[in-house]
Structures are given as structure tokens and as C-alpha cells.
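Notes to accompany the following structure.
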Number of protein chains: 2
Amino acid sequence: MALVVQKFGGTSMGSIDRIVNRVAQKVISEKKKGNDVVVVVSAMAGETDRLINLVKSITEEPNERDMDFVVSTGEQVSAGLLSIALNNLGFPAVALSGWQAGIRTDRAFTKARILSINTDKIKEYLNEGKIVVITGFQGITENGEVTTLGRGGSDTSAVAIAAALNADRCDIYTDVDGVYTADPRIVPDARRIPVLSYEEMLELASLGAKVLQIRSVEFAMKYRVPLRVRSTFAEDEGTLIKEEDETMERVIVRGIAHNKNEARITVERVPDKPGIAAKIFDALADANIPVDMIVQNVSVDGFTDISFTVEKNDASKAERITKKVAEEIGARGVIRDDKIAKVSIVGLGMRSHAGVAGKVFETLAKYGINILMISTSEIKISCIIDEKFTELAVRVLHEAFELDKDEKERALI
Amino acid sequence: MALVVQKFGGTSMGSIDRIVNRVAQKVISEKKKGNDVVVVVSAMAGETDRLINLVKSITEEPNERDMDFVVSTGEQVSAGLLSIALNNLGFPAVALSGWQAGIRTDRAFTKARILSINTDKIKEYLNEGKIVVITGFQGITENGEVTTLGRGGSDTSAVAIAAALNADRCDIYTDVDGVYTADPRIVPDARRIPVLSYEEMLELASLGAKVLQIRSVEFAMKYRVPLRVRSTFAEDEGTLIKEEDETMERVIVRGIAHNKNEARITVERVPDKPGIAAKIFDALADANIPVDMIVQNVSVDGFTDISFTVEKNDASKAERITKKVAEEIGARGVIRDDKIAKVSIVGLGMRSHAGVAGKVFETLAKYGINILMISTSEIKISCIIDEKFTELAVRVLHEAFELDKDEKERALI
């Protein structure tokens with residue numbers, strides 16, 4: 001007998017029909033296997049927005065404590081409805097709110113973090129043979145105040161509950177049936193990835209972001225909770241995200257991610273002296289602007305160029321700050337480029353296989369795609385390219401690494 | 001400085017506009033007088049029904065525990081919204097749910113009764129100078145489960161909180177401006193009653209039922225909480241309901257209530273032996289049918305007639321049961337009459353003034369209204385009459401006792 005945590009999002013819980021005919025059936029099917037089942041639910045699609053709009057029609061800057069007090073009711077309704085449906089179908093169930101389930105958080109209203117989970121009550125109901133339905137997205141402070149975890153927080157609730165209960169598996173049910181080798185809207189013959197490691201999932205964030213809150217993957221990695229992404233509306237195994245094992249390195253490239261949401265800033269002719277780079281990035285950090293890739297080349301005649309990327313939203317602020325620092329340090333100038341994209345290939349197998357980078361560069365060159373920046377980690381190669389080549393780059397890399405084939409049938413470079 | 005509890009019903013909380021421009025203003029006006037203010041709110045009009053309909057679209061017989069879990073969210077939303085509005089207007093406030101406010105109830109889901117209130121948290125916030133907004137209609141069991149108190153339960157919540165806090169006053173804000181000497185739809189010159197006793201209010205239930213949950217008046221009487229019924233949408237003092245004092249007996253008739261919602265059942269020619277009446281009323285009690293008036297006349301030749309009234313809803317069931325008992329005890333038969341009405345005059349002054357009953361009978365006779373049954377208490381005279389005379393009876397009694405005049409200007413019979 002296993003203990004399984006299932007999480008259903010707002011689309012899955014979107015109507016009474018879906019709750020009764022889709023979600024409850026998935027829960028019952030797991031229970032019928034003889035497993036203990038804990039279910040974590042989001043609010044019905046649209047409900048959280050309805051509540052936020054009610055609040056915003058009073059003031060654009062509401063008291064955040066009371067905001068959470070109001071918005072947290074969405075999950076209470078959906079959890080109660082699912083429990084009612086399960087009981088009605090003959091499967092004893094009980095609904096618990098965040099505070100009833102013992103989910104303790106800090107006091108950062110609207111974006112609280114889970115501190116601990118007291119699982120006594122959950123276990124008590126499981127021991128009675130009940131299915132336990134818990135509201136996602138929320139918790140309670142030490143002082144008994146209701147908090148919410150921020151958008152997508154139900155994934156984190158589910159993983160945290162799975163970790164606290166030492167669950168055998170955490171199934172994230174959603175409206176897609178898994179994580180793919182590339183965005184299927186760009187690459188029609190992208191394949192569902194059957195198994196991948198937490199590290200690969202984090203690097204493939206832009207593929208998973210539509211499916212999973214990234215914080216929940218970090219949480220799952222930290223507590224070694226196997227995550228399965230699967231569809232509420234279909235019957236299949238989805239994608240399993242788990243700890244790396246020896247079989248995983250056999251696949252060189254697991255998937256291809258792309259991101260059009262960054263801008264590049266270049267500081268030209270920077271005097272190559274110790275502490276210069278720090279001046280730029282300290283200034284950005286002070287302004288709370290996260291920097292993604294940083295590239296600095298060897299210097300010529302005591303000068304160098306430094307390039308980095310930031311989120312497009314932050315680009316104009318970052319440009320302003322960088323220009324100020326550039327003047328102070330005597331650089332020639334600052335160039336900003338918003339028309340870029342990042343394409344990344346990800347796979348644990350790169351560690352043990354040479355020639356992957358060469359093949360990436362060769363493939364892009366063959367199609368006339370110029371590489372503007374390169375950044376690599378042990379399991380990832382990211383290239384910044386001109387934004388207009390994004391889809392082409394994803395497609396030709398997908399083909400070059402044979403990602404349209406079953407993992408076992410791919411050539412080893 | 002006083003401590004005032006204010007209660008606002010669903011109509012008062014019916015829209016963001018009303019919450020911000022009516023309710024919040026009433027709260028602030030009380031706070032500005034230097035008082036400590038605790039506010040108890042119902043769900044926004046229509047919201048509780050919306051939630052019940054969601055549940056009922058799954059099953060007509062939902063698990064009641066989960067039903068309460070869902071339905072209780074209506075007040076959480078409205079309480080949060082009012083607190084947000086107050087904070088936004090510059091008056092520090094905090095919203096508390098039933099469980100946060102320490103409202104302990106029994107486990108009778110959907111119709112729970114309040115057992116105790118731990119006021120620590122409420123007092124803590126009051127001491128910080130905050131307005132405390134509490135969800136009506138709900139509480140928590142010893143085991144941490146959410147309960148609701150049944151329709152109209154927010155009145156009871158407000159009175160119970162006022163009692164537990166030893167509040168100076170509990171103001172029930174609603175869409176009428178007080179309790180009237182008669183239903184103003186029948187008697188256009190009915191007057192608002194400025195002050196009356198709990199006992200009078202309970203006897204005038206049919207006047208107050210549209211305004212106050214009767215259980216809340218019993219609660220207020222038990223704990224001696226002065227209640228004031230007043231309008232959210234007007235500026236006046238409303239009606240004060242409080243403990244009897246020596247000035248109250250000066251008014252002979254406080255008001256006239258009527259009730260068309262009863263039916264009369266008569267058992268004819270009942271053998272007048274001990275225990276016969278018990279047989280009838282035990283059978284009705286076993287079937288959970290409440291009996292209102294009971295009249296039995298002196299017997300003639302060892303036989304008597306017994307009449308009683310029940311709610312119209314229960315009439316056909318009561319008739320069936322009574323017929324069965326009538327056969328067993330050898331009575332002649334059972335007659336049922338649904339076309340009756342009860343008209344009652346109520347006033348503490350009746351105790352010390354003779355001639356009130358005579359004046360009632362004389363007035364009704366003068367207009368050809370036949371009295372079918374009479375029942376009296378110390379402070380009430382009720383007559384059962386033919387239903388078609390209801391409005392006429394109320395009007396002529398209102399006139400006879402000069403209830404259209406100020407209390408001080410009325411003749412003493």
C-alpha cells in the first residue's frame with residue numbers, strides 16, 4: 001500500500017461536472033488500488049480572479065492580511081465540493097483548510113512560505129480510511145492568521161504535504177499530459193519525456209513553467225519527492241520527475257527549452273581592472289534586478305566587453321543603472337538589445353559525452369543562425385540568438401539530436 | 001467609552017457600494033464617538049444561496065460537515081471586504097472568522113449552537129485600537145471543524161459575542177428602521193415602537209421575525225444584552241429591546257401581531273377521561289409536530305371538544321395522526337380548518353390593567369368578527385379568527401387601542 005498525494009489545478013476543478021466526472025474519478029481510481037490518498041486542490045478556474053476583483057473594486061492597495069483572508073476562500077469551496085462529491089460516490093472523504101491541515105507559514109501575506117506542516121490531523125483521518133482533501137495555496141501563521149502562497153502555490157502545497165507525509169509519489173494533474181522534449185506548438189513531433197531528473201526539470205524551466213511552479217520542483221528535489229505530471233483529462237503515465245539514477249545519463253539531450261523573455265545589455269570597452277564587474281552587478285542587485293547569463297571575454301589592450309541578460313521587464317531600468325556605472329568606471333558605452341532569445345539544450349548525459357557543444361554550434365551555423373552569447377553548465381548549453389530565429393533553432397536542434405525518436409533509438413551523437 | 005457590537009445582514013452587505021458607503025460609514029460613526037466597535041456580518045445577499053446551489057448540484061443530500069465547510073466562506077469574504085474598506089478609509093480593522101474569534105459550537109452541522117466564546121483574540125485586537133470584524137453564522141467544534149448556525153444565525157452570533165464581551169449594546173442593522181406597532185403594510189399609520197421588553201418582543205415574534213432571528217432575542221434576554229434594531233440606510237434610533245423596567249407597564253398594548261400560517265384541528269366529542277389529551281399530544285410530539293394553542297372546554301355529559309393549532313405545513317400530517325388517535329379513544333371525528341388566522345395584542349401593561357380582554361372581544365364583535373379560539377398569557381391575548389378578517393381585525397384593534405398615537409398620549413383603556 002502506497003501513500004499518494006494528488007494535486008488538481010483550477011482548470012481541472014473548473015466546473016461541478018469536472019469535479020464529479022474527472023477529478024473524483026482519478027481520486028477514486030487511486031484509492032481503489034488500495035492506496036492512501038491525499039488530494040490538494042486549487043480554486044475553481046476564475047474564482048481567485050473574481051475574489052481579487054471584488055477586493056480591487058474597493059482599493060488598488062488593500063491590506064494584504066485581509067486580502068489573503070478573502071482570497072483563500074476559493075480553495076475552501078473547491079475542496080469542500082470535491083469531498084462532498086467523493087462522499088456522495090461512496091468514498092468517505094473529509095475536506096481540510098490550510099489551517100486545519102496544520103500548514104504553518106511565515107507572515108509574508110500574499111506570497112507566504114511554508115515553514116512546517118503538522119500532519120497529525122491528516123494522519124488521523126487517513127487512519128480512519130478517509131480520503132483527505134486539502135486546500136492548496138494557503139496556510140496559517142503562528143498567530144492564527146490566514147496566508148496565501150502566491151500564484152501557483154498549490155503545487156508547492158502538494159509537494160510540501162507529500163514531503164511531510166513521506167509520500168511515495170506526488171501526482172500533479174493538469175491539462176497537459178506531461179513535459180515534452182520541446183514546446184509542441186513549435187515542434188509538432190516533440191515527444192513526451194517519460195522520466196527526467198529534478199536538475200534537468202529546473203533547467204528546462206520554460207517547458208515546465210506552464211505545468212509546474214518551479215519552486216515546487218526545488219522543494220521536491222530538496223525532500224526527494226518523486227513528482228509525476230499527468231493529465232486530468234486522459235489516461236496515461238505522464239512525466240516522472242525524480243532523483244537522478246544511473247540509467248539517466250544514457251540520454252544525452254533530454255529536451256530543448258527556449259525563452260524570449262530576456263534582453264541583453266553590453267558594456268563596451270570596460271577597463272580590465274579588478275572589481276569593475278562587481279560594481280556593475282552590485283548596482284543591479286541593489287535595485288533587485290536578477291541577472292541571468294553573464295559573459296566577459298579576455299581583454300585586449302587592457303579593455304574588455306561585458307554582456308549580460310535580464311528579464312525584459314527589467315531591461316530599461318537595468319540599462320539606466322548600467323549607464324551610470326559605465327560612466328563612473330570609464331567604459332565607452334552601453335548597448336541594449338531586446339530582440340534576443342535564449343535556446344537551451346538540457347541533459348544529464350552531456351557530462352559524459354564529448355562533442356555536444358560542437359554539434360549545437362555546427363547545427364545553428366548550418367542554418368545561418370549567429371550565436372551572440374554562450375553559457376554552459378554541466379548539464380546545459382544555452383545560446384543567445386537573434387529572436388527571429390527562435391523557432392527555427394528549436395526545430396533544427398530537435399532534429400539534430402533526434403528528439404523525435406524514442407530515447408532508446410537515438411544515436412549517441 | 002462604551003463597547004458596541006454592530007451586526008449587518010446580507011442586504012446591508014449586498015454590494016461593494018453598500019459595504020463602503022453605508023456599512024463602513026455606520027461603523028466609523030460609532031468608532032468616532034470614542035467607542036470600541038465589534039462588527040458581525042452576514043454573507044453578501046445571494047452568496048449563501050449561490051454556495052448552497054453549487055453543493056446541491058452535486059447531491060441533494062450532501063455530507064453536512066463539508067456543506068458547512070463550503071457555505072461558511074460567504075461570511076469570510078464579506079468580513080474581509082469590510083475590513084479592507086475600513087482600513088482603506090483610515091480606520092485600522094481586522095477580520096476574524098468564527099474559528100479565529102474563538103466561537104465554539106456543538107457538532108450539529110448546518111444548525112449548530114454556540115457553546116462558548118473565547119474572547120482573548122477579540123480583546124487583544126480591541127486593545128490595539130482596532131475595529132474587529134467577525135464572520136457571523138459560524139463557529140468551530142472542539143475538534144476544529146467548521147460549523148454554521150442555520151439561517152439567520154448571524155443575529156445569534158452578534159448577541160452571543162455581545163454577551164461574551166459584556167458589551168453595552170448590540171445594534172442589529174437591517175433594511176427596516178425598527179419594530180412597529182403592527183405590520184405597516186396592513187396598518188399605514190403603524191408607529192415605530194421606541195422601547196420594548198424582551199418578553200414583548202418574543203410575543204410579537206411575527207412582527208420581529210422579518211427583522212430578528214427569535215433565538216437571538218432569547219439569547220439577549222438570557223444574558224441581558226440590550227438590542228437595538230435600526231436601519232443601515234437611514235439615520236434614526238430604531239427600536240430598543242431590553243430588560244423590563246418600571247416605566248414599561250404604563251403602556252397597556254405595545255403592538256399587534258398576526259399570523260396566517262397556522263391551521264386548526266378539532267377533535268369532536270372526546271370522552272372526558274384522564275390521559276386522553278396526553279394521547280393526542282404525545283402522538284404529535286413523537287411526529288415532531290409543534291403545537292401552538294390548545295383549547296379544551298368543560299365537558300358536557302362526559303364528552304368534550306379539543307382544539308389546537310399547528311403550522312400549516314404540518315397540518316395534513318397532524319390531521320392524519322389525530323384521526324388515528326381519535327379512533328382509538330372513541331372520539332366522534334376530526335375537523336381541520338386551514339382558513340384561520342391568529343391575531344395577538346401584546347403588552348406588559350396588561351398585567352396591571354383590567355378590561356383589556358373585554359375591549360378586544362367587544363371591538364372584534366362590533367365589526368362582526370367571530371372568535372374561534374382564545375388563548376391568553378400574562379402579557380398577551382391571542383384570538384383565532386376566520387382568515388378573511390385578518391387585516392380588518394388588526395386595523396380595528398390598532399385603532400381601538402390608539403396605537404397610532406405616541407405612547408404617552410394614549411388613553412388608559
Side-chain angles (χ1 to χ4, degrees), chain A residues 15-17 19-21 24 43-44 47 50-51 53-89 92-97 99-102 120-121 124-125 133 135 140 143-146, chain B residues 15-17 19-21 24 43-44 47 50-51 53-89 92-97 99-102 120-121 124-125 133 135 140 143-146:
Chain A
S15 66
I16 295 292
D17 175 59
I19 291 173
V20 174
N21 295 315
M44 295 173 82
E47 181 62 8
R50 185 183 76 86
L51 293 165
N53 286 339
L54 271 177
V55 169
K56 292 289 171 82
S57 66
I58 296 176
T59 167
E60 278 299 317
E61 288 181 6
N63 178 304
E64 292 190 331
R65 180 200 173 282
D66 294 329
M67 176 96 177
D68 279 359
F69 187 83
V70 170
V71 172
S72 64
T73 60
E75 286 74 25
Q76 191 164 332
V77 171
S78 60
L81 293 175
L82 177 57
S83 178
I84 286 168
L86 290 167
N87 278 298
N88 190 48
L89 292 165
V94 64
L96 298 179
S97 61
W99 59 269
Q100 288 174 319
D120 292 353
K121 190 139 277 180
E124 187 186 314
Y125 285 116
V133 183
T135 56
I140 186 175
N143 193 32
E145 295 165 299
V146 176
Chain B
S15 66
I16 295 292
D17 174 60
I19 291 173
V20 174
N21 295 317
M44 294 173 81
E47 181 62 9
R50 185 183 76 86
L51 293 165
N53 287 339
L54 271 178
V55 169
K56 291 290 171 83
S57 66
I58 296 177
T59 168
E60 276 300 317
E61 289 182 5
N63 179 304
E64 289 188 333
R65 179 200 174 282
D66 294 329
M67 175 96 176
D68 279 359
F69 187 82
V70 170
V71 172
S72 63
T73 60
E75 286 75 24
Q76 191 165 330
V77 171
S78 61
L81 293 176
L82 177 57
S83 178
I84 286 168
L86 290 167
N87 278 298
N88 190 48
L89 292 165
V94 65
L96 297 180
S97 61
W99 58 270
Q100 288 174 320
D120 292 351
K121 189 139 276 179
E124 186 186 315
Y125 285 116
V133 183
T135 57
I140 186 175
N143 193 31
E145 295 165 299
V146 175

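Here is how names work: the chains are called A, B, and so on, in the same order as the sequence lines, proteins then strands, and each is numbered from 1. Source: prediction; values computed, not measured.
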query = Checking heavy atoms, do the side chain of A/Leu82, its backbone, both or neither come under 4.5 Å from chain B?
reply = neither
ask   = Tell me the side chain to side chain donor-acceptor pair (under 3.5 Å) pairs involving residues 58-70 of chain A, sequence neighbours left out?
value = A/Thr59-B/Asn88, A/Arg65-A/Glu145, A/Asp66-B/Ser83, A/Asp66-B/Asn87, A/Asp68-A/Thr148
ask   = So which heavy atom on A/Ala79 is nearest to which on B/Phe69, and how close?
value = CB-CE2, 4.1 Å
request  = Sort out for me which of A/Val133, A/Leu96, A/Leu51 touches chain B most, counting heavy-atom pairs under 4.5 Å.
outcome  = A/Leu96
ask   = For chain B, which of A/Leu54, A/Ile19, A/Val20, A/Asp17 has the most heavy-atom pairs under 4.5 Å?
value = A/Leu54
message = For the interface with chain B, which of A/Val146, A/Val70, A/Ile84 has the highest count of heavy-atom pairs at distances below 4.5 Å?
response = A/Ile84
message = Looking at A/Asn143, is its backbone amide N or carbonyl O close enough to the side chain of B/Lys121 to form a donor-acceptor pair, meaning the two atoms are under 3.5 Å apart?
response = yes
inquiry  = So does A/Thr73 get a backbone contact from the side chain of B/Gln76, meaning a donor-acceptor N/O pair under 3.5 Å?
reply    = no
key: Heavy-atom proximity to chain A below 4.5 Å, by part of B/Ser97   = both
inquiry  = Given heavy-atom pairs under 4.5 angstrom as the criterion, report whether the side chain, backbone, both or neither of B/Ile16 touches chain A.
reply    = side chain
